[in-house]
Q: 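First the structure, then my questions, so here it is.
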Amino acid sequence: MLSKKIRKIISEAIANLYGKDLSNIEFQVERPRVREHGDFAVNVAFILSKKLKQNPRKIGSDIVKYLETSSYFSKVEVAGPGFVNLFLSSEILHDELREILLFGENYAQVDIYKGMKIQVEFVSANPVGPMHIGHGRWAAYGDTLARMLEKSGADVTREFYINDAGRQMDIFAESVACRYSELFGEKPEFPEEGYRGHYIVEIAREIADKYGDEFMKINFEERKQLFKDVAYKMVLEHLKKVLNKMDVRFDVWFSERTLHESGKLEQAVKMLEEKGFVYRKDGAVWFRSTDFGDEKDRVLIRSNGEPTYFLADIAYHIDKKERGFDKVIDIWGADHHGYVPRMVASMQALGYGKEFLEVIIGQMVNLLSGGKPVRMSKRTGEMITLEELMEEVGKDALRFFFVSKSTDSTLDFDIDLAREQSQKNPVYYVQYAHARICSIIRKAEEEGLKVNKDEVELVKELNLAEELDLIYLLSLFPETVEVCAKTRDVHHLPSYLIELASNFHSFYQKVRVIGEDEKKSKARILLINGVKTVMSTGLSLIGVSSPERM
RNA sequence: GCGCCCGUAGCUCAGCAGGACAGAGCAUCGGACUUCUAAUCCGAGGGUCGCAGGUUCGAUUCCUGCCGGGCGCGCCA
């Protein structure tokens with residue numbers, strides 16, 4: 001990674017100029033906002049000026065003097081109040097392009113999480129109905145984060161927690177049983193809290209199509225019980241189908257029910273009790289989460305003997321720990337953020353390190369239609385499903401859109417705008433750049449212009465500013481991925497890809513790849529191959545395809 | 001009332017572990033296709049970075065307070 005190499009060079013310079021004990025001070029190697037300020041800018045003079053009690057400008061120029069002879073840079077200058085601006089030499093950029101061509105899709109493979117077993121749990125939608133747009137955001141985000149963690153060396157498990165126990169499930173089964181009965185002329189009373197969405201009727205009809213009136217032979221109560229399984233499995237299959245269409249695949253589908261059935265809940269209580277954080281009050285069993293900063297203690301087992309969702313969740317996380325993950329990342333919607341302190345408290349009570357559980361809270365998605373909010377309610381059933389949306393705008397546009405914004409911001413999704421803009425979506429801009437490159441390469445091959453493996457040295461022919469700028473931008477790819485993985489702010493990658501596409505389109509306009517000069521042509525083919533590699537690797541990280549033609 | 005998130009160009013959003021004149025896409029206006037895909041490019045207009053203080057050589061970025069918006073404060077999940 002270029003910035004790391006530069007960091008090393010600067011540290012060496014400091015060691016030589018000011019002594020070894022100063023060589024490990026913290027400083028920034030950043031990409032300047034303005035092109036004229038170089039490829040990289042270093043703020044080390046400001047940091048040193050405090051320690052050395054010297055003018056930063058003076059320190060800067062001393063460092064510049066030291067670096068001037070380095071073959072890494074074509075120009076080094078001190079600027080402004082004391083920034084050291086570095087301009088990369090073309091040799092270094094040529095080396096970088098060679099590296100890209102050599103490593104291909106592994107160019108951005110970094111090792112910051114090497115050897116780490118990380119679990120990412122996301123979506124985890126209740127299997128009582130179709131997924132909505134909010135789920136889509138977490139599906140896209142979670143899967144992309146997982147891909148980036150993998151690129152960073154981690155061994156990642158994608159997991160979906162199925163809330164197949166508890167009252168929601170009962171209500172759901174009863175709702176379906178009612179609709180099913182109605183299809184055969186019976187009119188049981190529809191439950192007060194039942195799900196009224198049309199999809200319930202569809203599930204009932206699906207069951208009727210598949211099994212006929214078979215379930216009418218048993219009484220309503222038995223029917224209800226049975227549907228907890230039959231209807232639930234249908235929904236689950238449906239969820240999997242939609243997620244598959246989004247290219248989101250889970251390694252583990254974890255059933256909450258299995259925790260209840262295997263006695264894991266009781267075990268969890270016992271474990272917390274042994275640590276001394278459990279007490280009884282008002283007939284209920286409590287966890288003293290206030291010991292860990294929660295605002296109030298929480299119930300584990302209700303006075304009626306029923307466990308809370310919270311207890312099941314603790315048991316679930318104990319199971320995660322026992323499966324040997326070094327880190328588990330839970331992705332939750334903002335409507336659950338109040339739940340974080342108690343969950344974190346339970347992990348601390350159990351003595352799991354602070355690093356073990358990380359909860360990422362993502363803000364909500366507002367669905368708009370023509371600028372006006374659309375309610376998303378399972379109860380009334382008035383909503384646009386994720387599947388419908390994907391059919392409208394396509395998987396690529398959908399995924400790109402979802403991961404392009406910070407998870408800290410609520411996302412306004414205007415369905416009409418999405419329809420209207422789907423052709424102008426930035427994703428096509430990026431994909432078009434890729435398709436264009438493929439087209440040039442095809443054309444070159446038609447004309448018999450092929451670059452052999454031993455001709456990689458021709459990258460030396462690349463000396464135009466447009467060419468070198470493009471390589472410079474390519475060199476920023478690995479650290480972009482690293483930043484995304486580290487900060488969990490995945491949206492930096494789409495921004496980067498748009499910038500790369502923009503630079504390429506601009507390059508395309510100014511510089512002809514296939515031309516008179518064979519060496520230059522070959523060199524440029526190498527260059528655009530580099531762009532193609534980075535672009536398709538980047539797109540694949542967000543689960544978007546790289547079309548060869550458009 | 002308390003807690004979390006947000007408030008940047010007409011719209012949707014980047015930038016924020018402090019850094020040098022604030023960016024992109026869309027929209028608007030004006031140019032560029034007999035040449036590797038015009039789903040493209042080049043140019044123009046457009047911003048008191050919610051408001052007020054503070055810390056700093058330097059604040060859109062950090063701190064405090066206020067204003068505005070979203071979400072949450074169950075022996076629900």
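Reminder, nothing fancy here: chain letters follow the sequence lines and each chain counts from 1. Keep in mind it's a predicted model, so treat the numbers as computed, not measured.
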Q: In terms of side-chain heavy atoms of A:Arg342, which of B:rA77, B:rG18, B:rC41 is nearest?
A: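 From the listed options, B:rA77 comes nearest.
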
Q: So A:Tyr309 and A:Tyr339, would you call those rings parallel, tilted or perpendicular, with 30° and 60° as cut-offs?
A: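 Answer is tilted, since the angle falls between 30° and 60°.
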
Q: For A:Glu30 and B:rC16, give me the distance from atom CD to atom P, rounded to whole Å.
A: 10 Å

Q: Would you call the rings of A:Tyr161 and A:Tyr316 parallel, tilted or perpendicular, taking 30° and 60° as the class edges?
A: parallel

Q: Which nucleotide in the set B:rC13, B:rC42, B:rU37 lies at the smallest distance from any side-chain heavy atom of A:Ser506?
A: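 Nearest to the side chain of A:Ser506 among the choices is B:rC42.
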
Q: Under the rule syn = chi within 90° of 0, otherwise anti, which is B:rC33?
A: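 This nucleotide is in syn.
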
Q: Enumerate all atom pairs, one protein N or O and one N or O from nucleotides 2-7 of chain B, separated by less than 3.5 Å.
A:
residue: B:rG3; atom: N2; partner: A:His337; partner atom: NE2; Å: 2.2
residue: B:rC5; atom: O2'; partner: A:Asp408; partner atom: O; Å: 2.2

Q: In whole angstrom, give me the gap between the P atoms of B:rG18 and B:rA9.
A: 24 Å

Q: Hunt down the Watson-Crick or G-U wobble partner of B:rC33, both distances under 3.5 Å, from any strand shown, or write none.
A: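 None - no nucleotide pairs with B:rC33, as no candidate has both distances under 3.5 Å.
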
Q: Would you state whether a donor and an acceptor, one from the side chain of A:Asn85 and one from the base of B:rA20, lie under 3.5 Å apart?
A: yes

Q: Describe, in one word, how the ring planes of A:Tyr508 and A:Phe504 are oriented to each other, choosing from parallel (under 30°), tilted (30 to 60°) and perpendicular (over 60°).
A: tilted

Q: Can you tell me whether the side chain of A:Ser303 and the base of B:rC75 have a donor-acceptor pair closer than 3.5 Å?
A: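 Such a pair is found, so the answer is yes.
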
Q: Do the side chain of A:Ser439 and the main chain of A:Ala435 share a donor and acceptor less than 3.5 angstrom apart?
A: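 Not at all, since once roles are kept as given, no pair shorter than 3.5 Å links the two residues.
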
Q: Nearest nucleotide by nearest heavy atom, which residue falls closer to the 5' end of RNA chain B, A:Arg167 or A:Lys443?
A: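 Here A:Lys443 is the residue nearer the 5' end.
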
Q: So, A:Ser49 side chain and A:Phe46 main chain: donor-acceptor pair closer than 3.5 Å or not?
A: yes

Q: Say whether A:Gln509 and A:His505, considering side chains only, have a donor N or O and an acceptor N or O under 3.5 Å apart.
A: no

Q: Do we see A:His492 stacking on the base of B:rG15, given a limit of 5.5 Å between centres and 30° between planes?
A: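 Given the distance and angle limits, no, they do not stack.
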
